[in-house]
Amino acid sequence: MLENISLNTIFSIVLIFCAPIIGGFLMGIDRKLTARMQSRMGPPIIQPFYDVIKLWGKEPFISSTLQPILAFCYFGFSLTSFALLALGQDLLLIIFTLGIADSCLIIASLNSKSPYSVLGGKRELLSIMSYEPVLLLTAISIYYVTGSFMVARIFYLSYPLISYLPLVFIALIPVLVIDLKKSPYDVSASGHAHQELVRGVFTEFSGYSLALIELGHWTKVVMMLSLVSLFWATNLIIGICLALVLFFIVLVIDNVYPRLDWKSMLKTTWSIGIILIIANIVGLIARVVMHI
Amino acid sequence: MKLIDVGDVIGMSENVNTNKKYSVLPFGPQHPVLPEPIHLKFIVDEEKIIDVLPNLGYVHRGIERGCELNDYKRNIWLTERICGICNYIHGATYCAAIEKITDTEVPVRAKYLRTIWGELGRLQSHLLWLGLFADAIGFESLFMQIWRDREIVLTLNEKTNGHRIHLATNMIGGARKDIDDSLENEYKKDLNLLRKKMDALKPVFYKDSAIKQKCEGKGILSKNKARFLGATGPTIRGSGLKEDARLTGYEAYGQLDFKPVVYEGEDSYSRMLVRFDEVLQSIDLIEKAFDQMPEGPILNKNDKFPMGHTVIRTEQPRGEVFYYVEGNGTNKLTRCKIRTPTASNIPALINMLIGYEVSDIPTIVHSIDPCISCTERIVYVRRNE
Amino acid sequence: MKTMTKARLKSPWVLHFDCGSCNGCDIEILAALTPKFDAERFGIVNIGDPKQADMLLVTGPSNKRNQRVLKNLYEQMPEPKVVVAIGECACTGAIFHNCPNTNGGIDKIIPVDVYVPGCAARPEQIVDGIVLALQKLAEKSEKEAD
Amino acid sequence: MDQELLIALTIGAPTLAGLGCLILNDKIARKVIVSLSAILLIGSSFILFNGGGFSYEPNSILDTLVLFFDLMLLVYFFYVGIKFKNILVIGLSLLQLLPVLYFEFILHGVEGTPTFLIDELSLLMSLIISIVGSVIVIYGLNYMDEHEEHLHIQKSRQNRFFFFMLLLLGAMHGLVFSNNLYWLYFFWEITTLCSYELIRHDGTEIAIKNGITALWMNLIGGVAFVLTLFIGYYYFNSIAIDEILKMYQSPVVLLFLAVLSFAAFTKSAQFPFNSWLQGAMVAPTPVSALLHSSTMVNAGIYLILRIAPALNNSALSYSIALVGAFTFLTSAILALNERVSKGILAYSTIGNLGLIFLCIGINTPLSYASALALLIFHSVSKGLLFLCAGVVENRVHSRLIEDWEGLIRRLPATSIIMITAMLSMFLPPFGMLLGKWVAIEALSSSYYISSMLIILLLVLGSAATSVYYIKWLSYLTVLPLDGKNFESEKIPWSYVISLLTLFGLIIIMGTGVSSVFNLLILPTLPSNYYTNIDASIINLNTGIGSFVTYPLWLIIAAMVFFGYTLSKRKGGTVKPPYLSGENVVDDPTVFHTTADGIAKIEVSAQFFENEFSNNRLLVLSKILGSIIIMLLFFAVML
Amino acid sequence: MPKMLKEVIKNLLSPPATVNYPFVKPTPVPGTRGALNWDMSRCDQCQDCERVCPSVAIKVYPEEKKIEYQPFKCLFCYLCIENCMQQAISGSDIVAEPAYTKIVKVFKTET
Ligand code: SF4
Ligand code: SF4
Ligand code: SF4
Ligand code: SF4
Ligand code: SF4
Ligand code: SF4
Ligand code: SF4
Ligand code: SF4
């Protein structure tokens, strides 16, 4: 038993440090697939790594002395929240830690005196405002199934989570879209700067602080996708496939939608997302009550 | 008729509340949404646009003065480079102006050729615009799709005269190149292919709800304002006005039974639809022109130096272009004044922007199809201040 | 320092600035990014933000007003950076030689590393130019490493 | 030491000190008196806290005195109403005066023994009041000097200011110790008086207006109290709270409790009674600090905390939670477009009070514990935030957070304290977030479909909360581009003492969240609650989740450290912002623009004024709030 | 249903439209206006080309029997080719190449 746990822990720790790397590959796949959907050839899969290494070696420009520290914190806390997830900790805590990471990014972008960065930061704030409730409600709905907020408990289920929470799963799609900064909700920034806000939140980052931000973003993506893979935790292989399918869906969505504004983002998540989750929870409770 | 000060319409200073702190946003000259340099100073309340002040002149090269310093024949190439997108029509208009002063009769076949190439230019330009517009509203895949299909037109250009952008087939007195039968067939084949591709994209532009959400009701330009502010081209036709210089029947348009595309929506969406429909219309016009084009010479050389003055209007993809050319019988012109469509659309643009959100800026700015390179003069906007 | 040079070679993020061109070259730059030529194969991203760009693509002859913008953008780009003048008029002013408001080539304002001919420069030429510029970037990178 | 004496001391010492200040009106004397009474107060509440619960029946002469003063008070309120021609005040004071007269002289009242019943809850409250309250009053010593200097007041009015400040502290102690409804009511009215007098202290038009608003809103609570007196008289023949609470849950008991909670809503500024607390920010900062953190608003919470165990599983309890949740969400959204620093703090207070109400309303052991935790953490953090806001305001001469841009450079010490306090309001692993966390856990485990609505309001509100704090934080941390260095800052001693005390408390309580739970909260839980919270040193286990604290602290420290070293090693030149290439050389704050002019960059884009317009929302939320409260009574009737 | 979906899926399933330039050199379209070359044995220094060139990229030095041509100024309009009576100028369909410096090409009659 004890050996088992320590083995798991070691595995988790290895996983934690691999998270940014996995994220990098995911972003590479993202760019390749996106290119293919646009009938282009696309960059090599390891392109994101080239980007980050290059950024690391650029001449350091900063917008204020706080900026690199906050960029580092963004990366660090994204990693922390993933670590908490990998170690099977409390879901709420994980979401709140993710909140710290986002706050770091936002503060770093808001306190540079650049109009684009500030507007981007504001919209990033609104993105948080739109997806955090959905995430929290997801955690709560998971609680209704497992009776605990601990991630570790999900693995004790005999049926995959998705069989209880199909609607919650759907509600996570817009969250993922927002998090990956994809159309239609790439309101605060997008990968390529074809945006009214230039690079939005990222406008004032450059060189190594941008590299840190990229790393943080990758980690965050991995963390969100792992959250999704928990929906089939009885067999993690399927879970990971599930996450990848969702990832693919998000990419397709990115390619079939124009960018909408933040109001419709807020509307979607606060109405459709939340209604889906609530409906699911109500159904869940109804099921329990019926059985009794 | 009462004269109204432009400032009355453009200056929205009454919106500005002095007690409030507004954001001041520089938009351009370097901005990823607008590949061309124009500076718009936005006064923004949160995200709502309160006021816009344009600053032009980043592309001002002094072409009009250049035209006076150049040999008048070289000006064909200079006017083509007022803009790379409508290069053909600029050159053709200039040639037409010179022909008019020097009383040169242009062969009928050359007229048809000019019509064909003019429409090909429009096709190229509108496709380019549809792509850029898609990109501006954040629809990258649509942008890629359209630009992929646009390559068909560029290849046609290349087959015609060896270059993708600058067709360089203008000559005073006719055309520099002819379209022979095999080329004609290629034109027909490729355009058919293009039409198919556009038909596939039709539902995206006509029916996609997200695009509608993004464009409908954005950048309203009412009929009256459109006329008053001097909007031209698809911008005014999207406001329900039947304004098109092609209606004058210059070149071969008189024989082609041409009817302008008009949409009544007064917003960015109808302006987009006007352009999309014009793509299809251009394909039709080219085909019709091929059917009617007579055999014959294409060039009627006349080396008379221009003497006297004239004006000429033609329809560019973005609207009406206006040339005033004056010569004194030497090889140098004394005046060449060009009024380009985007320059006349800028006041309308400023007017459209006010009251919308920052996230609508790309939609609205692109909806007039801003082509700054021909708006190359300094515009003073008088304000009521 | 090998990996760094390689990464730099593989990931040129470009900033495009229109310095008063006729649009011919600008649309060809965009065309280079679109499916037929797909510059992203080389990791090229049109980033739009000088602070994150490695390569400045300039079109147009530069005039008296936008020269300060050009200089400013150049200064806002972190080292190592390269400048590519795209099109005849960015190289020399070409057709605009007697237009009074032009400077005749952007190399009068900022140092240019690579000149791409053509009016308008074709996407192939632009890709070639960028590849050439990358070699310059590699040189700069190696020099920096020493 | 004699506990009775200590009780007398906690209530009497501040009151007497206040009287002393009132009479002497001298700078030095005031300083001595205030400091002494602060020490006395903190000391005695500490000793009391260690001593544990007991009951105490004072001399019956005091009953008469209380009656006398109470009538005087009501008459004074009536007079205020007449003076300012405010129908509401007149009516509401008459509505109290006449029934009280009737109650005492015609019905001859009922017994409510023991008059003082002190349990762990009261002691905890007393501890909070005395520590945070004293710190604020000490802070006030210096603040008021600056304040009067700033307003060019010749003849100091500080005597009456400190009188009411100290009186408020005394009355609050009386309030939390009383068991007799009548005494409770009396202290309640004193706090109303103090708040009214303090809010209108500056005597400006708006101050008086807001004072009156506070007065009538609080008087509504008073009327509710009078109603409870009658209910107690007619149905239970007792006005001792502990007895009534012990009774079987009959509809009448519920009605009684509902009326009490109604009173609590008014005092704790829940929607629709939020505007008085909002208006309180026109008062000098110590007043707002005191009202918002440890005294006034806590009175309402205390009342609900007291009655909550009796509410177990009732619709009333649920309605309280709903009111709280609604307030939490609305205030968070309203705070989004507030520009005035104290206004944001006020909304944040209202919201957090809502959160506490919510927790109490859920009424599980876990949520009750989290309510207590929130109460403690909120009092300290909010007190500190107000104090810092006051310091800044006296230096910067503006209340708008936009004008506080780059404060970290101008006032580094204060800003760092303020930033810490802000972080402690919404980020893990500080206590406030912990409270929120526990609340969500408790809510989820309550397993009612009806609690879904509350959860929803909570999660939405929680998202909005972080938005306005992050925005504010970013304003503070802007480092202007002109390249100037940090300025050193001089802070007077009384500021230093008060700021550092609270700052220290935040840090200690933040790092030792588990100890706070073990030492302060778990013992305070009412005996009928059994909770399985396991507050070990590493994390806090609630049985359904766990909140790691120490590892998180370590990680945060590590992040900041590594981030700092990295930024030192890599360095970097500070570059002007991206302005589409139109930067002006030499001046990073302007850009070239139209007509060859130069314009200043202005970025003020974070108040969402067009989207969440305050006025409309305020009206809407008030209406909704009233409806919810009406529903509350409706629920009780059923 | 988003209307673009069909196109996107179609693109994903069909090969990319990319020509893998520069690894795959496409065959130039006949008539492409590419780099210029002077056959000085034909040239009679009539200066026609210099006169018609819209961007003054050609300079003819009749005394030295030399022509200076600036490929970085040339528009590739082929006017010079069309106007050269001697047909001394030829164009190729290989486009001009980018370079580190603005080369000036000098053509001289071998004597
Ligand atoms: S418009 Fe300007 S550049 Fe042209 S001739 Fe006049 S001054 Fe010269
Ligand atoms: S003769 Fe005059 S007009 Fe004719 S080509 Fe020579 S310079 Fe030009
Ligand atoms: S060209 Fe001159 S005269 Fe004509 S409208 Fe413009 S400013 Fe007036
Ligand atoms: S409107 Fe635009 S495309 Fe047309 S000529 Fe002018 S710049 Fe060129
Ligand atoms: S080189 Fe030619 S095509 Fe390119 S911008 Fe200049 S004039 Fe236009
Ligand atoms: S074109 Fe020939 S004939 Fe005519 S002027 Fe020139 S050199 Fe003489
Ligand atoms: S091709 Fe045109 S621009 Fe080039 S040298 Fe010949 S005439 Fe001059
Ligand atoms: S036109 Fe021909 S022959 Fe005359 S100079 Fe030029 S190249 Fe020589």
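Basis for what follows: all heavy atoms, side chains included, without hydrogens, waters or symmetry-related copies. Chain identifiers are assigned alphabetically (A, B, ...) following the order of the sequence lines, protein sequences preceding nucleic acid strands; residue numbering begins at 1 within each chain. Everything numeric here is computed off the predicted structure, so don't read it as measured data.
Within the model, atoms CD1 of B:Ile137 and CG of A:Asp261 stand 12.5 Å from one another, a figure rounded to the nearest 0.5 Å.
Nearest approach of B:Gln213 to A:Ser264, heavy atoms of both residues: NE2-CB, 3.5 Å. Between B:Ala136 and A:Arg259, the closest heavy-atom pair is O-NH2, 3.5 Å. Contact record, B:Ala210 with A:Tyr257: CB-CD2, 3.5 Å, taken as the closest heavy-atom pair. Heavy atoms only, all atoms of each residue included: B:Val358 and A:Arg123 are closest at CG1-NH2, 3.9 Å. Between A:Tyr116 and B:Phe27, the closest heavy-atom pair is OH-CA, 3.4 Å.
Only the backbone of B:Val24 has a heavy atom closer than 4.5 Å to any heavy atom of chain A.
Proximity of B:Glu140 to A:Gln38: side-chain heavy atoms (C-beta onward) are separated by under 4.5 Å at one or more points. Residues A:Val256 and B:Asp208 form no side-chain contact, since every pair of their non-hydrogen atoms from C-beta on lies 4.5 Å or further apart.
Crowding of B:Lys212 atom NZ: a count of heavy atoms from other residues, nucleotides or ligands under 6.0 Å exceeding 12.
Put simply, of B:Ser209, B:Ala134, B:Pro26, the one with the most heavy-atom pairs under 4.5 Å next to chain A is B:Pro26.
Of the candidates A:Asn255, A:Asp254, A:Thr34, A:Asn255 is the only one forming a side chain to side chain contact (heavy atoms under 4.5 Å, CB included) with B:Ser141.
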Going through the checks in order, is the side-chain contact (heavy atoms from CB on, under 4.5 Å) test met by B:Glu357 and A:Lys263?
CA-CA 11 Å; B:Glu357 302 266 311; A:Lys263 281 179 198 156; 3.3 Å; yes

Could you go step by step and tell me if A:Ser39 and B:Arg148 meet the side-chain contact (heavy atoms from CB on, under 4.5 Å) rule?
CA-CA 9 Å; A:Ser39 79; B:Arg148 189 191 72 192; 2.9 Å; yes

